[in-house]
Amino acid sequence: MKHIVFLVGSYYPNYSAVGKCIANIADCFSSQTDQYRVTVIAWNTEYGEDSQCELHNQHIKRISTTLYKNRLYFQNQFSKTTGIKKKLCHVGLLVCRACNAAKMFLNKTSIDQAWVRAYRAALDQIQEPIDAIIPTCSPFEAIVAAIDYCDKKSIDMFPVLFDQFAANATLHRSRINRHIKMKANCHLESIAFSRATHIFCMPPFYRYLMTHYSNIADKATMIEHPQIIQKTIPEKFIRTDDVIKMVYSGSLIKKYIEPTPILDFASHVQQSNYRFNFYVKGSAVSDIASRKLDNVDVNGWVDKKTLDMVIANADICLNIAETSGIQISSKIFDYISLGKPILHFYYAENDVNLSYLRKYPLALCIHIDNGLRADQAKKIKEWCETKRGCTMDFNNVKQIFGNFTPEYVSQLISKRIMESSHA
């Protein structure tokens, strides 16, 4: 039996997009109890969370840093208190954010060494022999922590790369900071990629590797998001109205992913039977309230189980590409898994999401250039009224997106683990 250790960011119960992808892969490994034992080292996601737990035959070890613990504490208290206490918690959150920003700007690289130490400490606490470590990006700190540990213990490392690091558009807080640290961050990438036993990466990252690190082409495999899963929704709402329910979920970030195109369409159909529900967090959430639209509701962040139910009961699922068009919107695969119609807004003509959505019969992709035009709004309205209530059978989805299933991706990783020199 092989012991596999995953290093991730936010995991159960409050998954990040990367965390959910890794959970899908980890579930495939942990279901093979006669072949694999699985440990997951992940961030705390709530204040007061247990440091360890068991889930789906996985042992989850949670880690944190002093600054991150303080942030979780202030978030927890902010949601519970009122008056002066709430204001003090808000100040505490601002201080935590300022400290994080200062560390990002003052460090030689964009790596937070406190997280590296936290991952290393958790690895050192594992008593059972480890056969392979699978760190993810993001966070890149997981890969940095794995490098030294794997070298000392002669353990194989199989990074799974989702988000870019050195060339990431938002990680470094500013373009100037990204430019200043580019050389040092690229050096870190070079060390990580050369040390890896084999690398698995999403298509945008794979293209980045082939452009800047072509010398490692023989040990890199391109994979797709392992998110096409047949989902069982325990409850569906009984519809007694004629409202067209539009749902957006995910982050909204100023100058990166802003809600403007959705709000423009909501404004256009304000006198019609449309209802827009946002399940969101991020710096651009305030833009929604500023538009003061009567047919728009902001619900905040919800857990994965609740979100799946919300999506299942939506008529149309909404997506907004980030402005550069190089980042895959992983939520589209949740929408596709449930066979829902998808309305996708994008800015870059070569938006990476188009290659997936153009395969999917229930998708409408709208290019935004200087705002939503009246003819586009009319087209969207006609499409929504035609597609509301439509779904695609999962077997048909799987025929189109078979290599997006966790089973397919985990088999690729498992094959490399079995073939490795330390197997």
Side-chain angles (χ1 to χ4, degrees), residues 7-11 14 16-19 42-47 62-79 81 85-121 135-145 162-189 192 250-259 280-290 300-301 322-324 326-327:
L7 306 185
V8 300
S10 296
Y11 201 68
N14 300 306
S16 65
V18 170
W43 294 1
N44 280 100
T45 60
E46 296 176 353
Y47 179 72
R62 297 192 176 102
I63 62 172
S64 193
T65 67
T66 300
L67 186 59
Y68 190 67
K69 284 179 184 176
N70 289 335
R71 176 185 163 189
L72 291 178
Y73 170 77
F74 287 126
Q75 284 178 339
N76 177 265
Q77 293 300 305
F78 183 81
S79 65
T81 57
K85 288 185 177 180
K86 194 177 192 75
K87 291 180 180 179
L88 288 173
C89 289
H90 181 63
V91 171
L93 284 170
L94 292 176
V95 171
C96 289
R97 290 169 187 163
C99 290
N100 270 327
K103 289 171 73 173
M104 178 62 75
F105 284 107
L106 295 175
N107 288 347
K108 291 182 179 179
T109 68
S110 298
I111 291 295
D112 186 337
Q113 289 297 331
W115 279 114
V116 176
R117 291 191 294 271
Y119 280 114
R120 277 301 313 271
T136 63
C137 179
S138 58
F140 205 79
E141 285 84 352
I143 296 176
V144 174
F162 292 85
D163 303 318
Q164 292 190 17
F165 172 61
N168 193 295
T170 59
L171 173 67
H172 316 284
R173 301 296 179 105
S174 75
R175 291 181 180 179
I176 293 174
N177 192 47
R178 181 178 64 176
H179 178 74
I180 291 171
K181 292 182 169 62
M182 181 63 77
K183 184 175 181 180
N185 287 335
C186 285
H187 180 63
L188 267 180
E189 285 187 341
S251 296
L252 292 172
I253 303 168
K254 288 185 180 294
K255 298 181 180 180
Y256 187 63
I257 302 175
E258 297 185 337
V280 289
K281 64 179 180 179
S283 59
V285 173
S286 58
D287 294 355
I288 303 173
S290 67
W301 201 252
E322 47 81 23
T323 51
S324 68
I326 64 173
Q327 188 71 40

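Here the structure is a predicted model, which is why all the values come from computation and not from measurement.
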Original post:
So, do Pro139 and Trp115 sit near enough that their side-chain heavy atoms are less than 4.5 Å apart?
Top reply: no
**OP:** Kindly give the heavy-atom pair with the smallest separation between Leu252 and Glu258, and that separation in Å.
**Re:** CD2-C, 4.3 Å
**OP:** Check whether any side-chain heavy atom of Lys255 lies under 4.5 Å from a side-chain heavy atom of Thr323, and answer yes or no.
**Re:** no
Original post:
Is there a side-chain contact between Cys89 and Leu93 (heavy atoms, below 4.5 Å)?
Top reply: no
**OP:** Return the minimal non-hydrogen interatomic distance between Ile257 and Ala284, and the atom names on each side.
**Re:** O-CB, 4.1 Å
**OP:** Specify whether Phe140 and Phe165 have parallel, tilted or perpendicular ring planes, treating 30° as the upper limit for parallel and 60° as the lower limit for perpendicular.
**Re:** parallel
Original post:
Rounded to the nearest 0.5 Å, what separation is found between the SG atom of Cys137 and the CD atom of Gln164?
Top reply: 9.0 Å
Original post:
Is the number of heavy atoms from other residues, nucleotides or ligands under 6.0 Å of Lys254 NZ greater than 12?
Top reply: yes
Original post:
Could you state the interatomic distance from CG (Asn100) to CG (Asp112), rounded to the nearest 0.5 Å?
Top reply: 6.5 Å
**OP:** Taking all heavy atoms of Cys96 and all of Phe74, pick out the closest pair and write down the distance.
**Re:** SG-CD1, 4.0 Å
Subject >> Between OG1 on residue Thr66 and NZ on residue Lys69, distance to nearest 0.5 Å >> reply: 6.0 Å
Subject >> Heavy-atom pair with the smallest gap, counting every atom of Ser283 and Ser286 >> reply: O-OG, 3.7 Å
Original post:
In Å and rounded to the nearest 0.5 Å, what is the CD to OG distance from Glu322 to Ser251?
Top reply: 12.5 Å
Subject >> Steps toward side-chain contact (heavy atoms from CB on, under 4.5 Å) verdict (Asn44, Leu72) >> reply: CA-CA 9 Å; Asn44 280 100; Leu72 291 178; 3.9 Å; yes
Subject >> Exercise: identify the closest heavy-atom pair between Ala166 and Arg178 >> reply: O-CG, 3.6 Å
Original post:
Among Lys181, Glu141, Met104, which one satisfies side-chain contact (heavy atoms from CB on, under 4.5 Å) with Ile111?
Top reply: Glu141
Subject >> Residue among Ile180, Asn185, Thr109 satisfying side-chain contact (heavy atoms from CB on, under 4.5 Å) with His172 >> reply: Asn185
Original post:
Are side-chain N/O atoms of Gln327 and Asp163 paired as donor and acceptor at under 3.5 Å?
Top reply: yes
Original post:
Take atom OH in Tyr47; do more than 12 heavy atoms of anything else shown fall under 6.0 Å from it?
Top reply: no
Subject >> Lys86 to Phe78, cation-pi by 6.0 Å centre distance and 45° axis angle >> reply: yes
**OP:** Please check if atom CZ in Arg62 has more than 12 non-hydrogen atoms from other residues, nucleotides or ligands closer than 6.0 Å.
**Re:** yes
Subject >> Spacing of CZ belonging to Arg173 relative to NZ belonging to Lys103, to within rounding of 0.5 Å >> reply: 11.0 Å
**OP:** Might you point out which heavy atoms bring Ala142 and Thr136 nearest each other, and give the distance in Å?
**Re:** CB-O, 3.9 Å
Original post:
Would you say Phe105 has more than 12 foreign heavy atoms packed within less than 6.0 Å of its CZ?
Top reply: yes
Subject >> Heavy-atom side-chain contact between Trp301 and Val280 under 4.5 Å >> reply: no
Original post:
Taking atom OG of Ser110 and atom CG of Asn177, what is their separation to the nearest 0.5 Å?
Top reply: 5.5 Å
Original post:
Between the side chain of Gln77 and the main-chain N/O of Thr81, is any donor-acceptor distance below 3.5 Å?
Top reply: no
